[in-house]
2 protein chains.
Amino acid sequence: MKFFRMTNQREVILEEIGRYKGHPTADLLYERIKKKLPHISLATVYRNLEILSEVGKIRKLEISGRQKRFDRELKEHNHIYCLQCHRIDNIHMVSEQMLASGSEKEIGYKISGCRIEFFGICPECQRKNKPQKQNESADSHVTCKLNTRQREVLAALESYTTPCTGKDIAAMTSLEAAQVSCQLASLKKKGLVASPARWKYKITKAGKDAL
Amino acid sequence: MKFFRMTNQREVILEEIGRYKGHPTADLLYERIKKKLPHISLATVYRNLEILSEVGKIRKLEISGRQKRFDRELKEHNHIYCLQCHRIDNIHMVSEQMLASGSEKEIGYKISGCRIEFFGICPECQRKNKPQKQNESADSHVTCKLNTRQREVLAALESYTTPCTGKDIAAMTSLEAAQVSCQLASLKKKGLVASPARWKYKITKAGKDAL
DNA sequence: CCTTGACATAGTAATTATTACTAATTATTT
DNA sequence: AAATAATTAGTAATAATTACTATGTCAAGG
């Protein structure tokens with residue numbers, strides 16, 4: 001049997017998937033991981049995602065769309081997929097009842113699992129679709145006066161489960177650490193981010209709504 | 001609005017999908033269609049599969065595996081996928097009940113559909129897996145003494161919904177028309193194929209079992 | 001009937017996501 | 001420490017699909 005070695009690269013990959021709320025693709029993970037391990041190769045990311053999912057540490061999704069996606073969530077759940085922006089969210093429901101429905105016998109397959117994939121339009125895209133007229137107009141009074149940098153910082157925070165430091169955010173975005181902390185201060189004053197611990201920031205409900 | 005022109009190529013593509021029982025991939029269809037339209041381009045096949053599915057004449061499946069698959073079946077159904085040989089079969093069951101289960105509200109998505117994908121081992125692969133020892137031995141007494149050509153003819157027939165002529169089969173396989181009719185005669189004698197009309201052949205239950 | 005313009009086509013190039021390969025490096029076992 | 005095995009970065013190769021381009025076809029309006 002092959003021996004599995006927990007290398008530094010694998011730890012970072014695993015940690016990065018864990019930090020990420022959604023179902024990231026290999027290349028997105030690669031972009032993020034590169035910030036920490038600048039010399040890592042895309043092939044290493046791909047290989048390890050494959051191996052980690054074989055070992056059962058992560059889960060590989062082969063869902064709609066061109067790219068495979070990965071997540072850390074190991075308990076059974078299904079997915080819902082936005083036809084418009086291609087984001088994927090989790091959806092929890094029993095799937096066992098269907099397995100028991102006698103269809104297994106009916107068609108002769110030995111069923112080992114089931115994946116349910118809903119598709120539709122996610123809340124965010126629904127919101128985007130509604131107001132079609134205000135495109136040419138002011139465009140700023142709706143979204144609580146967020147500038148590009150603030151939006152970028154907020155978006156980065158939004159995609160993470162764990163609280164981040166300013167440095168983390170700088171690594172995820174194109175911004176410098178100084179720029180980030182400046183935006184964080186202003187966002188905090190508006191109540192769009194909270195700081196559960198010194199130097200640690202997370203997005204608030206209001207922050208999510210503002211996005 | 002764009003005008004949709006039913007060209008000869010599109011008719012042939014549509015007909016070929018209709019003739020095919022499974023969920024063929026673009027390149028498989030291309031191989032088959034080339035027999036009838038030797039000058040058709042793979043790009044044309046791809047483009048038209050896309051267009052035909054937009055127009056609603058066929059359905060595009062984005063299921064597990066690398067390639068997209070297409071089928072003509074327009075009423076709602078779900079799929080089951082063999083992890084081993086990658087074949088895909090239909091499975092009929094109600095999916096509406098899940099849509100009503102309140103999860104729509106729960107996550108804010110506007111759900112427009114749902115795809116359920118079971119996976120497991122298909123009957124054929126199960127059969128292949130069982131007898132592991134007889135690999136070196138005679139290898140012929142089990143399968144009702146089918147030779148390679150007969151097997152090829154039978155497999156071609158098996159994949160079609162409509163009765164085929166010998167010429168059809170010759171086109172699908174690597175065999176000459178004369179070779180095909182010779183094999184058909186012998187298969188008919190064994191009861192593995194039936195001839196519902198003069199020059200038309202279809203596979204029988206016994207034929208499927210023999211495969 | 002002949003031109004005009006939208007739609008289609010074959011053939012090919014380009015792209016995207018992923019996998020395979022290779023030589024060098026690192027860890028584990030003997 | 002030497003031998004062996006696993007892993008890596010970097011790059012080449014592959015598979016499926018899409019984009020591009022020049023040419024061709026068809027149907028309608030002058």
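Hydrogens, waters and symmetry mates are skipped; everything else that's a heavy atom, side chains included, is used. Here is how names work: the chains are called A, B, and so on, in the same order as the sequence lines, proteins then strands, and each is numbered from 1.
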Whole-Å distance between [N] [atom2] and [X] [atom1]?
{"X": "A:Asn8", "N": "C:dT25", "atom1": "CG", "atom2": "P", "answer": "18 Å"}
{"X": "A:Tyr30", "N": "C:dT18", "atom1": "OH", "atom2": "P", "answer": "14 Å"}
{"X": "A:Glu31", "N": "C:dT16", "atom1": "CD", "atom2": "P", "answer": "14 Å"}
{"X": "A:Leu28", "N": "C:dT18", "atom1": "CG", "atom2": "C1'", "answer": "16 Å"}
{"X": "A:Ile51", "N": "D:dT7", "atom1": "CD1", "atom2": "C1'", "answer": "8 Å"}
{"X": "B:Met6", "N": "C:dA6", "atom1": "CE", "atom2": "C1'", "answer": "18 Å"}
{"X": "B:Phe4", "N": "C:dA6", "atom1": "CZ", "atom2": "C1'", "answer": "15 Å"}
{"X": "A:Leu49", "N": "C:dT19", "atom1": "CG", "atom2": "C1'", "answer": "13 Å"}

Give B:Thr7 one of three labels, base, sugar-phosphate or nothing, depending on what nucleic acid heavy atoms sit under 4.0 Å from its own.
-> sugar-phosphate

Note: A:Val45 and A:Ala26 closest approach over all heavy atoms is CG1-O, 4.0 Å

Any A:Arg10 side-chain heavy atom under 4.5 Å of A:Ile51 side chain | yes

Can you name the side chain to side chain donor-acceptor pair (under 3.5 Å) partners of A:Glu50, sequence neighbours left out?
-> A:Lys60

Residues which pass side chain to side chain donor-acceptor pair (under 3.5 Å) with A:Arg47, listed by chain and number, not counting sequence neighbours | A:Thr44

Quick one: is D:dT8 close enough that its OP1 or OP2 comes under 4.0 Å of any side-chain N or O from A:Thr44?
-> no

Can a side chain N or O of B:Asn48 be found less than 4.0 Å away from OP1 or OP2 on C:dT9?
-> yes

Just wondering, are more than 12 heavy atoms of other shown residues or ligands nearer than 6.0 Å to NZ in A:Lys202?
-> no

Evaluate the criterion side-chain contact (heavy atoms from CB on, under 4.5 Å) for residue pair A:Lys68 and A:Thr25; output intermediate values, then yes/no.
-> CA-CA 6 Å; A:Lys68 288 176 185 160; A:Thr25 56; over 6 Å; no

Between protein and nucleotides 15-30 of chain D, map the contacts as a letter string: B base, S sugar-phosphate only, - none, heavy atoms under 4.0 Å, written 5' to 3'.
-> SSBBB-----B-----

Can you tell which of C:dG11, C:dT9, D:dA9 lies closest to the side chain of A:Ser41?
-> D:dA9

Please report the C-alpha distance between B:Leu184 and B:Trp199 in whole Å, then the side-chain angles of each, then the deciding distance to 0.1 Å, and finally whether the side-chain contact (heavy atoms from CB on, under 4.5 Å) criterion is met.
-> CA-CA 10 Å; B:Leu184 278 173; B:Trp199 311 127; over 6 Å; no

